[in-house]
Amino acid sequence: MTAFKVIRPILRLAAIVAVFYIAAASLMYVFQRDLLFRSSGVLTGPQEHGLDNVYAETVAMRDGTSVTVWRSSPSDEAAPTVLYFHGNGGNLAGRARRFQSIIDNGFGLYAPTYRGYPGAGGQPSEAAIVSDALEHFDRASENSSAIVVHGESLGTGVAVAVAAERDARAVVLEAPYTAALDIAAQAYPWLPVSLLMRDPFLSRSRIGDVDEPLLIVHGSADATIPLSHGQALYDIANEPKHLVVYEGAGHTQLWSFGLLDTAVEFLDSAAFPAGSR
């Protein structure tokens with residue numbers, strides 16, 4: 001009886017801990033997409049952000065879901081179009097300055113939003129977003145002789161998935177991850193993330209099917225997606241590939257550190273013969 005009195009509070013504590021653990025795991029499972037896909041704001045038109053040569057187009061995906069695409073033609077037929085997959089926060093309008101820089105360099109632009117984000121119907125998921133992205137690549141290719149696939153943060157997983165199945169001219173990954181699953185596992189080491197996560201975005205499993213010239217750009221001070229992810233993805237990627245690390249750059253600072261100039265230099269040296277762009 002004495003031994004039972006000692007064990008009973010331990011069992012009670014274990015039961016309480018188990019209940020809280022199961023509850024936490026259940027909440028994470030139910031709300032995981034709210035944590036991964038963090039859309040916000042209202043999608044205003046490109047002209048409201050000074051993008052006079054960009055127009056917004058409503059596109060119906062294969063299943064009928066409508067999404068918004070911002071498009072602009074390249075300066076000439078030989079110039080590539082940048083197929084831009086944005087990050088998980090905000091919406092397309094928050095990338096207006098980046099888009100202007102892309103256009104100012106003579107590139108065309110094809111920038112779709114994701115399902116469930118401002119300017120689109122439906123609900124976001126990896127399967128739906130990747131399926132849409134492949135459709136977007138095919139549509140962009142109809143009006144451009146060359147496609148450069150650019151992924152930003154979350155969008156790097158989309159870009160890798162597309163490049164693994166389509167023939168792009170080059171791929172640019174801005175602060176990429178080995179997998180969204182790996183980021184979640186590092187953030188929640190006490191949860192069985194591999195069993196719970198519905199949208200793992202396994203770039204490390206897909207990168208081996210990417211044969212296009214690849215540029216990875218990362219910041220050494222990135223606290224959102226650590227530099228180790230970009231380095232690991234680079235290590236397993238196929239040649240030709242190039243890794244640029246900006247010392248002191250955080251997750252959202254790569255453009256201010258010169259990302260576009262780096263990308264243009266890379267494209268001119270690795271993806272386009274002299275004078276072809």
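Positions are given from 1 along the sequence.
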Between the main-chain N or O of Glu77 and the side-chain N or O of Ser145, is there a donor-acceptor pair closer than 3.5 Å?
yes
Could you tell me how the ring of His86 sits relative to the ring of Tyr114: parallel (under 30°), tilted (30 to 60°) or perpendicular (over 60°)?
tilted
Does any N or O in the side chain of Ser66 come within less than 3.5 Å of the main-chain N or O of Thr58, such that one atom is a donor and the other an acceptor?
no
Taking a hydrophobic cluster as the set of Ile, Leu, Val, Met, Phe, Trp and Tyr residues connected by side-chain heavy atoms closer than 4.5 Å, whether directly or through intermediates, do Tyr55 and Ile102 fall within one such cluster?
no
Same cluster or not: are Trp190 and Leu195 linked, directly or through other Ile, Leu, Val, Met, Phe, Trp or Tyr residues, by side-chain heavy atoms under 4.5 angstrom apart?
no
Given Glu212 and Val149, is the side chain to side chain contact (heavy atoms under 4.5 Å, CB included) satisfied, shown in steps?
CA-CA 10 Å; Glu212 296 90 343; Val149 180; over 6 Å; no
Would you confirm whether Asp222, through its side chain, and Gly250, through its main-chain N or O, come within 3.5 Å as a donor-acceptor pair?
no
Determine, stepwise, if the pair Ile216 / Lys241 fulfils side chain to side chain contact (heavy atoms under 4.5 Å, CB included).
CA-CA 8 Å; Ile216 294 177; Lys241 59 185 177 179; over 6 Å; no
Show every donor-acceptor pair shorter than 3.5 Å between a side-chain atom in residues 78-85 and any protein atom, with sequence neighbours excluded, or say none if there are none.
unit_1: Thr81; atom_1: OG1; unit_2: Ser144; atom_2: OG; d: 3.1
unit_1: Tyr84; atom_1: OH; unit_2: Arg98; atom_2: NH1; d: 2.8
unit_1: Tyr84; atom_1: OH; unit_2: Glu152; atom_2: OE1; d: 2.8

Quick one: does Tyr188's side chain get under 4.5 Å of Leu196's, heavy atoms only?
no
Is there a path of hydrophobic side-chain contacts, each under 4.5 Å between heavy atoms of I/L/V/M/F/W/Y residues, joining Val193 to Leu35?
yes
Backbone N/O of Phe107 and side chain of Asn105: donor-acceptor pair under 3.5 Å:
no
Distance-only, no hydrogens or angles: does the Thr262 side chain make a donor-acceptor pair with backbone N or O of Gly258 under 3.5 Å?
yes
Output yes when a side-chain donor or acceptor of His229 lies under 3.5 Å from a complementary backbone atom of Pro176, and no otherwise.
no
Kindly indicate whether the side chain of Tyr177, heavy atoms from C-beta on, has any atom under 4.5 Å from the side chain of Leu233.
no
Under a 3.5 Å distance rule, please check whether Ser141 uses its side chain to pair with a backbone N or O of Phe137 as donor and acceptor.
yes
Check this for me: Glu265, atom CD, are more than 12 non-hydrogen atoms of other residues, nucleotides or ligands nearer than 6.0 Å?
no
So that I know where these two stand, are Tyr234 and His218 an aromatic pair - ring centroids less than 6.0 Å apart?
no
At their closest point, which heavy atom of Leu215 faces which heavy atom of Ala263, and how far apart are they?
CD2-CA, 3.7 Å
Ile207 versus Leu214, closest heavy-atom pair with distance:
CD1-CD2, 4.1 Å
Can you see which heavy atom on Asn91 is nearest to which on Ser40, and at what distance?
ND2-O, 2.8 Å
Among Leu254, Ile225, Thr252, exactly one meets side-chain contact (heavy atoms from CB on, under 4.5 Å) together with Ser153. Which residue is that?
Ile225
Any donor-acceptor pair under 3.5 Å linking the side chain of Gln47 with the backbone of Val54?
yes
Tell me whether Glu126 is salt-bridged to Arg206, with the criterion being a basic N under 4.0 Å from an acidic carboxylate O.
yes
Ignoring hydrogens and geometry, is there a side-chain-to-backbone donor-acceptor pair from Asn238 to Asp211 under 3.5 Å?
no
Measure from the side-chain N and O atoms of Tyr117 to the backbone N and O of Pro124, and report whether any donor-acceptor pair falls under 3.5 Å.
no
Give a yes or no on whether Gln123 atom CD has more than 12 heavy-atom contacts from other residues, nucleotides or ligands under 6.0 Å away.
no
Side chain to side chain contact (heavy atoms under 4.5 Å, CB included) for Arg95 and Trp70? Distances and angles first, verdict last.
CA-CA 11 Å; Arg95 282 81 182 176; Trp70 284 13; over 6 Å; no
